[in-house]
Every structure is written in C-alpha cells, then in structure tokens.
**Student:** 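This is the structure I want to talk about, given as structure tokens.
We use all heavy atoms of the structure for the numbers below, so side chains are in, but hydrogens, waters and symmetry mates are not. All values reported here derive from a predicted model rather than from experimental measurement.
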Amino acid sequence: QVQLVESGGGLVQPGGSLRLACVTSQYSLEYYAIAWFRQAPGKEREGVAWISSLEGSSTYYIDSVKGRCTISRDNSKNTAYLQMDSLKPEDTGVYYCAADLWGSAATFSETEYDYWGQGTQVTVSS
C-alpha cells in the first residue's frame, strides 16, 4: 500500500511562498499521477493542481492558482511538490496530496484517487 506524507505547510504572510512536498516510502510513485487538493475552513475540498504519471509531462491548475503555483515531481526521490508563490489569505486550508495509478488525464474527481495523505496546514495571514 502506498503511503503518502505531506510536509512544508505553515504560517506565511500574504505575498509569501511555501513549497509543499508529498513523499512516499514506496518505490512506485512514478506510476501515479499526483494531485494536490485543499480544504478551506467551512468549505468542501477542491482540487488545486495535477501532474501526470511517469515523467510528469502534463500539468493542470485551477484558475485561482495559475501563475502562482507550480506542481512538479522527482521520481528518484519518490516525491511530488507544490511550489506556491504570491500566497493570498484565500489560499488558507489543509492541503492534501493524492495518487492516481497510471493517471494520464487531469481530474479532480476524488473517487479516481487510490491513496491520500493526511494533509498539511497552510495559513496565510498577516
């Protein structure tokens, strides 16, 4: 079973940056598409960014983070990343990574994902 662990969250001022990491102790992350989701207080969880499996040649972002976030992967480290810049208070929430075996088409349908991490808190506040 693939276990995912997120890290890198924290408290940051508006305009600041964070880099989230999603790591697995297994040697199989390259076969999974990875998505980052977030859940703001009182709101439903939403997909934020997606990267295809293997080389990660395809990515997808929701409009609200385009130009501010970059999703990437390093299969040699079994790790996926979400670089977040120019953070806004509305980016606050718990961020989760999820893995979809052989995912090749961008989707934020949660039922498509086989494994989830426990989440890392991101708070953007002055």
Side-chain angles (χ1 to χ4, degrees):
Q1 183 176 3
V2 175
Q3 294 181 329
L4 301 174
V5 178
E6 302 95 338
S7 64
L11 173 64
V12 63
Q13 293 185 341
S17 297
L18 285 174
R19 188 176 79 156
L20 306 184
C22 171
V23 63
T24 175
S25 59
Q26 308 295 319
Y27 298 96
S28 59
L29 191 64
E30 65 180 305
Y31 304 123
Y32 292 81
I34 301 295
W36 285 94
F37 291 79
R38 67 185 177 191
Q39 187 165 24
K43 296 186 178 181
E44 293 190 355
R45 188 159 57 187
E46 65 171 348
V48 175
W50 173 92
I51 188 168
S52 57
S53 57
L54 301 179
E55 294 84 4
S57 55
S58 297
T59 58
Y60 180 83
Y61 303 90
I62 58 172
D63 287 344
S64 61
V65 304
K66 281 182 182 177
R68 301 190 297 117
C69 291
T70 302
I71 189 171
S72 61
R73 64 190 306 149
D74 184 342
N75 293 330
S76 67
K77 297 181 180 179
N78 294 315
T79 303
Y81 302 96
L82 183 66
Q83 175 69 41
M84 303 190 295
D85 301 315
S86 302
L87 283 162
K88 303 176 181 180
E90 50 263 45
D91 294 316
T92 294
V94 179
Y95 282 69
Y96 301 88
C97 65
D100 172 19
L101 182 62
W102 293 119
S104 60
T107 178
F108 291 131
S109 173
E110 295 190 11
T111 58
E112 295 293 321
Y113 289 86
D114 304 286
Y115 303 107
W116 292 80
Q118 294 300 306
T120 185
Q121 176 70 46
V122 171
T123 303
V124 185
S125 175
S126 55

**Student:** Could you go step by step and tell me if S17 and D85 meet the side-chain hydrogen bond (donor to acceptor under 3.5 Å, both in side chains) rule?
**Tutor:** CA-CA 4 Å; S17 297; D85 301 315; 2.8 Å; yes
**Student:** Taking D91 first and then K88, would you say they form a salt bridge - that is, a charged N and a carboxylate O separated by under 4.0 Å?
**Tutor:** no
**Student:** The criterion is ring pair (Phe, Tyr, Trp, His ring centres under 6.0 Å); which residues satisfy it with Y61, sequence neighbours excluded?
**Tutor:** none
**Student:** To the nearest 0.5 Å, how far apart are OH in Y95 and OG1 in T120?
**Tutor:** 10.5 Å
**Student:** What distance do C22 atom SG and L29 atom CG have between them, rounded to the nearest 0.5 Å?
**Tutor:** 6.5 Å
**Student:** Would the number of heavy atoms belonging to other residues, nucleotides or ligands and lying under 6.0 Å from CD of Q118 be above 12?
**Tutor:** no
**Student:** Measure centre to centre between the rings of W102 and Y31, then say whether the value is under 6.0 Å.
**Tutor:** yes
**Student:** Do R19 and Y81 form a cation-pi contact, if we require the NZ or CZ to be under 6.0 Å from the six-membered ring centre and within 45 degrees of the ring's axis?
**Tutor:** yes
**Student:** Can you tell me how far the NZ atom of K66 sits from the OG1 atom of T59, to the nearest 0.5 Å?
**Tutor:** 10.0 Å
**Student:** May I have the step-by-step check of side-chain hydrogen bond (donor to acceptor under 3.5 Å, both in side chains) for T111 and S109, ending in yes or no?
**Tutor:** CA-CA 6 Å; T111 58; S109 173; 3.1 Å; yes
**Student:** Return the orientation label for the F37 and W116 ring planes: parallel under 30°, perpendicular over 60°, tilted otherwise.
**Tutor:** tilted
**Student:** Within 45 degrees of the axis of the six-membered ring of Y96 and under 6.0 Å from its centre: does R45 put its NZ or CZ there?
**Tutor:** yes
